[in-house]
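Read through the structure below, which is laid out as structure tokens, and then see the notes.
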Amino acid sequence: GTALAALPDGGVLMEEVGEIKMVTPKGALDPSFSTTTVEVPGRVGDLIQQPDGKVVFTGEFTRVDGVPRRGMARLNLDGTLDPSFAPDRKVPDFYYEDIQEHVRLGHIRYQPWDGKLVVLGGYWEEDVVRLNPNGSLDVEFDLLGISPWITGLELQADGTVYVASEGAVIRLKADGSSDPGFRWEGNFTALALQGDGKLLIAQRFDNQSSRLVRLNVDGSPDTAFICNLDLDAYHILLPTDGRIVVAGSSMARFNPDGT
């Protein structure tokens with residue numbers, strides 16, 4: 001499948017050939033969750049399970065179980081379509097490819113304090129949007145001046161949003177305005193936020209070499225962390241053991257200090 005998410009009970013939420021399924025910790029299909037079909041063309045970019053058990057997903061599709069839905073939808077606990085969640089038509093598409101054909105997916109981040117969703121997708125100035133719990137566009141989130149070809153985002157508990165692109169890594173305030181004290185220039189292909197607030201970013205150079213950089217909470221570089229990569233990194237995963245997994249053109253695992 002294109003999209004995959006681990007569940008708190010050890011199960012897995014997954015998309016496979018245009019179908020969204022829930023798998024139990026033992027590897028069997030969960031009979032309490034009906035398989036959902038996304039259509040035309042039926043590609044899923046990202047999916048998450050909200051704390052209330054509902055499933056939100058993005059992608060390139062126009063129908064969910066035969067009901068019109070463009071690019072984003074929410075499912076009830078039993079896998080049926082949630083009719084109370086109807087994304088605004090102004091919300092951009094959530095599945096596209098950059099000029100080098102590296103797929104950029106509609107990453108979703110859930111704000112637990114108010115139920116809103118921060119979503120990466122679309123094109124140009126609409127690359128990051130915030131949605132209200134019913135799917136309508138949050139007009140108070142006024143996003144301006146973001147570089148095209150955004151490659152990832154992370155959300156902090158205070159509402160701060162980190163955005164990586166092929167031009168810079170920036171930090172947004174809770175209202176969507178840019179934090180002028182935080183900006184890293186360069187070509188960045190992925191990022192991940194550690195539990196201690198430090199930020200991991202994958203940087204690619206013109207000579208096609210890559211490295212991982214770790215930033216402290218104040219935005220300064222963590223000089224104790226040195227990690228050169230022998231791959232193009234599009235995903236950074238953080239297992240509970242503290243190590244770092246980087247995936248892209250291949251996969252590698254590193255110790256917490258980058259070795």
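Just so it is clear, the structure is predicted and the values come from calculations on it, not from any experiment.
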Using modelled atom types and a 3.5 Å cut-off, is there a donor and acceptor pairing between side-chain atoms of [X] and backbone atoms of [Y]?
X	Y	result
Arg211	Phe205	no
Asp114	Lys116	yes
Asp222	Asn216	no
Asn132	Asn134	no
Gln156	Gly159	no
Trp184	Leu215	no
Arg183	Ser178	no

Identify the heavy atoms of [X] and [Y] that sit nearest to each other, and give their distance.
X	Y	value
Ile244	Asn255	CD1-O, 4.0 Å
Leu238	Leu193	CD1-O, 3.5 Å
Ala233	Ala190	O-CB, 4.0 Å
Glu16	Lys21	OE1-NZ, 3.2 Å
Met72	Val119	CE-CG2, 3.7 Å
Arg243	Pro256	CG-CD, 4.1 Å

- prompt: Any side-chain donor-acceptor pair under 3.5 Å between Gln194 and Arg214?
  reply: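 Side-chain D/A pair, Gln194 to Arg214: present.
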[atom2] on [Y] to [atom1] on [X], rounded to 0.5 Å:
X	Y	atom1	atom2	result
Gln50	Tyr110	CD	OH	5.0 Å
Gln49	Leu77	CD	CG	7.5 Å
Gln203	Glu185	CD	CD	10.5 Å
Phe85	Arg69	CZ	CZ	9.0 Å
Ser136	Arg130	OG	CZ	11.5 Å
Leu212	Ile226	CG	CD1	12.5 Å

Stepwise side-chain contact (heavy atoms from CB on, under 4.5 Å) check, Val44 with Thr58: CA-CA 6 Å; Val44 174; Thr58 60; 5.9 Å; no
Any heavy-atom pair between the side chains of [Y] and [X] that's under 4.5 Å?
X	Y	answer
Pro68	Thr62	no
Tyr162	Leu191	yes
Ser209	Arg204	no
Arg109	Asp46	yes
Ile48	Val55	no

message: Is there a path of hydrophobic side-chain contacts, each under 4.5 Å between heavy atoms of I/L/V/M/F/W/Y residues, joining Ile201 to Val246?
response: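 No, because Val246 and Ile201 fall into different hydrophobic clusters, even though each may have its own neighbours under 4.5 Å.
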- request: Treat each ILVMFWY residue as a node, draw an edge where side-chain heavy atoms are under 4.5 Å apart, and state whether Val213 and Leu200 are in one component.
  value: no
query: Going through the checks in order, is the side-chain contact (heavy atoms from CB on, under 4.5 Å) test met by Val163 and Phe188?
result: CA-CA 10 Å; Val163 182; Phe188 299 99; over 6 Å; no
- request: Going by the side chain to side chain contact (heavy atoms under 4.5 Å, CB included) test, name the single residue among Val38, Asp82, Ile20 that passes it with Val64.
  value: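 The side chain to side chain contact (heavy atoms under 4.5 Å, CB included) with Val64 is passed solely by Val38 among Val38, Asp82, Ile20.
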- request: Run through Leu172, Ile170, Asp179 and flag the one making a side chain to side chain contact (heavy atoms under 4.5 Å, CB included) with Val161.
  value: Leu172
task: Could you walk me through whether Ile236 and Val245 pass the side-chain contact (heavy atoms from CB on, under 4.5 Å) test, one step at a time?
output: CA-CA 6 Å; Ile236 303 173; Val245 177; over 6 Å; no
Would you be so kind as to tabulate the donor-acceptor pairs closer than 3.5 Å made by side chains of residues 22-29, with sequence neighbours excluded?
unit_1: Thr24; atom_1: OG1; unit_2: Lys26; atom_2: N; d: 3.4
unit_1: Thr24; atom_1: OG1; unit_2: Ala28; atom_2: N; d: 3.2
unit_1: Thr24; atom_1: OG1; unit_2: Ala28; atom_2: O; d: 3.2

message: Take a 6.0 Å sphere around CG of Asp218 and say whether it holds more than 12 heavy atoms from other residues, nucleotides or ligands.
response: yes
Can you give me every donor-acceptor pair (side chain of residues 247-254, partner residue at least two apart or in another chain, under 3.5 Å) with its distance?
unit_1: Ser249; atom_1: OG; unit_2: Asp232; atom_2: N; d: 2.9

- request: Please report the C-alpha distance between Thr160 and Lys173 in whole Å, then the side-chain angles of each, then the deciding distance to 0.1 Å, and finally whether the side-chain contact (heavy atoms from CB on, under 4.5 Å) criterion is met.
  value: CA-CA 5 Å; Thr160 298; Lys173 300 176 183 179; over 6 Å; no
query: Between Lys54 and Asp52, does at least one N-O distance fall below 4.0 Å, as a salt bridge requires?
result: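 The answer is no: the pair does not qualify as a salt bridge.
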